[in-house]
Amino acid sequence: MSLIDMFLSRAVKRGRLTLLRPGAQPATFGTPEPGYPEVTIRFADKRVAMAIARNPALGAGECFMHGRLIVEQGDIRDLVNLLTANDKWESGQDNLDPSWFSRAAGAVKHRLDRVNMERRSKRNVAHHYDLSGRLYDLFLDRDKQYSCAYFTDPANSLEQAQLDKLAHIAAKLALRPGMRVLDIGCGWGGMALYLNRHFGVEVLGVTLSEEQLKVARERAEAAGVADKVRFELIDYRRVTGSFDRIVSVGMFEHVGPPQYRTFFRKCRDLLADDGVMLLHSIGRMGAPGVTDDWTVKYIFPGGYNPALSEIVRAYEGLRLFPTDVEVLRLHYSWTLDNWYDRTVAAKDEIVALYDENFYRMWTFYLAGAAAAFRNGGLCNYQVQLCKSRTAVPVTRDYMFDGERALRESAPSA
């Protein structure tokens with residue numbers, strides 16, 4: 001039995017995978033079962049099997065990108081869901097893990113890659129966020145929220161879920177008119193504009209993406225609030241002043257573990273004595289780990305999703321009160337499913353913007369990420385920190401009441 005046959009026979013027990021390859025009879029793995037996909041794949045050449053066996057995530061991703069691994073029944077999302085549903089994080093199985101030697105070597109490499117000093121941080125951000133703005137228009141919601149949405153109902157539209165995410169976070173900030181807010185990693189400006197619109201606060205949004213900065217400033221000008229909502233191309237380490245509130249959504253994943261302490265120390269220095277900070281970040285539900293090779297190479301160089309223990313250790317000793325921690329488990333899988341569906345619907349335009357390889361790369365990224373939240377060990381953490389134990393009410397009612405008021409005051413998306 002070949003290495004790839006051994007791998008797939010262990011990896012697929014429920015559902016069915018059929019493998020077609022040059023010079024060999026079709027091979028079938030698993031047993032059909034309701035709720036599990038049935039997928040047929042074809043290897044275009046004999047080297048595909050070895051590429052996958054050497055490094056499953058990188059090899060499979062690259063072969064799919066370059067048209068050497070072809071999904072003939074189902075699509076790439078079905079294939080990824082089939083494999084990950086057979087190896088759910090909570091099952092504690094390690095069938096799909098590389099050898100201990102590969103993991104050890106990878107751990108060393110990723111620790112070096114995650115140093116993430118300022119010059120490298122800007123380069124890493126540009127790699128992903130300075131892609132064509134048209135690409136993001138095609139798969140994001142109208143407000144261009146490129147982070148986990150909040151689904152009060154899984155059937156809600158992406159637009160509604162992203163609007164509800166803004167309300168969910170804003171309620172935790174306990175804002176009052178006239179406050180100064182710092183938005184670290186402000187994206188295309190949607191959060192900053194929302195907070196100003198609903199609470200009359202002044203917001204400084206900072207980013208390392210030139211493309212996002214341009215759009216955010218245009219949006220503030222169009223809304224007539226450029227004097228109240230400012231956006232700057234600056235590293236968070238260079239921000240000065242004092243802020244009543246700090247919010248950071250989907251940026252901490254790019255900080256890098258060696259800089260975690262620096263990040264929280266800087267936030268503490270910028271936060272007013274009665275200030276409140278809300279950190280929203282992808283995280284891993286288990287122990288600290290490493291980012292897979294394919295994601296680092298093609299999607300998020302320098303990116304790393306922290307374990308909760310790494311976040312906690314980073315602010316310990318800084319006299320910050322952890323006043324609330326929430327874990328969002330499935331919300332990002334539903335968000336990514338929406339992004340995947342919109343990407344597939346826009347295939348022709350995305351191929352025209354880039355090429356077939358890029359389109360396949362993007363669908364592999366979205367499908368794999370959704371599966372990591374659905375079946376793997378990823379989640380989202382929302383961590384609220386304060387400098388004073390009395391900065392927010394001692395019960396969480398203010399969050400529920402504030403969120404309800406925001407949702408009732410806003411038209412449905």
Side-chain angles (χ1 to χ4, degrees), residues 11 14 35 56-57 77 80-98 100 102-104 106-107 110-111 113-114 146-152 154 161 165 168-169 172 248-261 263-264 278-296 299-300 302-316 322-337 339-340 365-385 396:
R14 309 172 77 176
R77 179 165 58 183
V80 172
N81 280 338
L82 175 63
L83 293 172
T84 58
N86 273 274
D87 187 44
K88 289 193 174 186
W89 178 81
E90 53 265 43
S91 73
Q93 299 174 23
D94 295 317
N95 292 347
L96 303 184
D97 275 1
W100 70 268
S102 297
R103 292 199 302 272
H110 285 293
R111 283 186 177 86
D113 286 347
R114 286 165 4 196
Y146 193 26
S147 58
C148 177
Y150 185 71
F151 287 83
T152 59
K165 184 266 296 290
H168 193 66
I169 290 174
K172 293 185 176 185
S248 183
V249 179
M251 177 271 182
F252 193 68
E253 301 91 326
H254 306 288
V255 169
Q259 300 300 315
Y260 286 175
R261 190 74 167 180
F263 177 86
F264 283 111
L278 195 285
L279 177 73
H280 171 112
S281 174
I282 297 172
R284 59 188 68 231
M285 292 186 282
V290 297
T291 306
D292 70 274
D293 290 340
W294 189 85
T295 300
V296 169
I299 305 298
F300 291 116
Y304 173 73
N305 301 318
L308 185 59
S309 61
E310 292 176 291
I311 297 174
V312 172
R313 278 197 300 271
Y315 68 72
E316 281 182 338
T323 43
D324 193 78
V325 178
E326 182 177 9
V327 183
L328 305 180
R329 288 155 288 135
L330 290 168
H331 294 267
Y332 219 159
S333 67
W334 297 326
T335 305
L336 285 151
D337 283 342
W339 293 346
Y340 181 92
Y365 149 55
L366 295 175
F373 288 92
R374 180 175 293 106
N375 298 316
L378 293 188
C379 65
N380 277 85
Y381 293 120
Q382 289 189 352
V383 181
Q384 184 193 64
L385 298 168
R396 302 179 84 240

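- Looking only at side-chain heavy atoms (C-beta outward), Tyr260 and Ile311 stay at 4.5 Å or farther from each other.
- A donor-acceptor pair shorter than 3.5 Å cannot be found between the side chains of Thr335 and Lys165.
- Rounding to the nearest 0.5 angstrom, the gap separating the SG atom in Cys148 from the CG atom in Leu378 is 11.5 Å.
- Checking Asn81, Thr84, Val80 one by one against Arg374, the side-chain contact (heavy atoms from CB on, under 4.5 Å) holds for a single residue, Asn81.
- Between Tyr150 and His168, the ring-plane angle classifies as parallel under the 30° and 60° cut-offs.
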Please list, one pair per line, the donor and acceptor atoms closer than 3.5 Å that link side chains of residues 279-288 to other protein atoms, with sequence neighbours excluded.
residue : atom : partner : partner atom : Å
His280  : ND1  : Gln382  : NE2          : 2.9
His280  : NE2  : Asn380  : ND2          : 3.3
Arg284  : NE   : Asn305  : O            : 2.6
Arg284  : NH2  : Asn305  : O            : 3.3

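- Using bins of under 30°, 30° to 60° and over 60° for the plane-to-plane angle, the ring pair Phe300/Tyr365 lands in the perpendicular bin.
- Of the possible donor and acceptor atoms, one in the side chain of His331 sits under 3.5 Å from a partner among the backbone N and O of Phe151.
- Considering every non-hydrogen atom in both Ala57 and Trp294, the closest pair reads O-CB, 3.9 Å.
- For the pair Tyr304 (side chain) and Gly289 (backbone), a donor-acceptor distance under 3.5 Å is present.
- Between the CD atom of Glu316 and the OG atom of Ser309 there is a distance of 9.5 Å, given to the nearest 0.5 Å.
- Although no hydrogens or angles enter the test, the distance criterion places no donor-acceptor pair under 3.5 Å between the side chain of Glu310 and the main chain of Pro257.
- Side-chain atoms of Trp89 and Asn375, non-hydrogen and from C-beta on, never get closer than 4.5 Å to each other.
- Arg396 pairs by the salt bridge (charged side-chain N to carboxylate O under 4.0 Å, His left out) definition with Asp324, not counting sequence neighbours.
- Judged purely by atom type and a 3.5 angstrom limit, Ser333 has no side-chain atom pairing as donor or acceptor with the backbone of Phe373.
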With side-chain contact (heavy atoms from CB on, under 4.5 Å) as the test, would you mind laying out the steps for Leu336 and Tyr332 before giving the verdict?
CA-CA 6 Å; Leu336 285 151; Tyr332 219 159; 3.8 Å; yes
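- For the residue pair Tyr381 and Pro306, the shortest heavy atom distance occurs at CE1-O, 4.0 Å.
- Counting all heavy atoms, side chain and backbone alike, Ala11 lies closest to Asn86 at O-CB, 3.1 Å.
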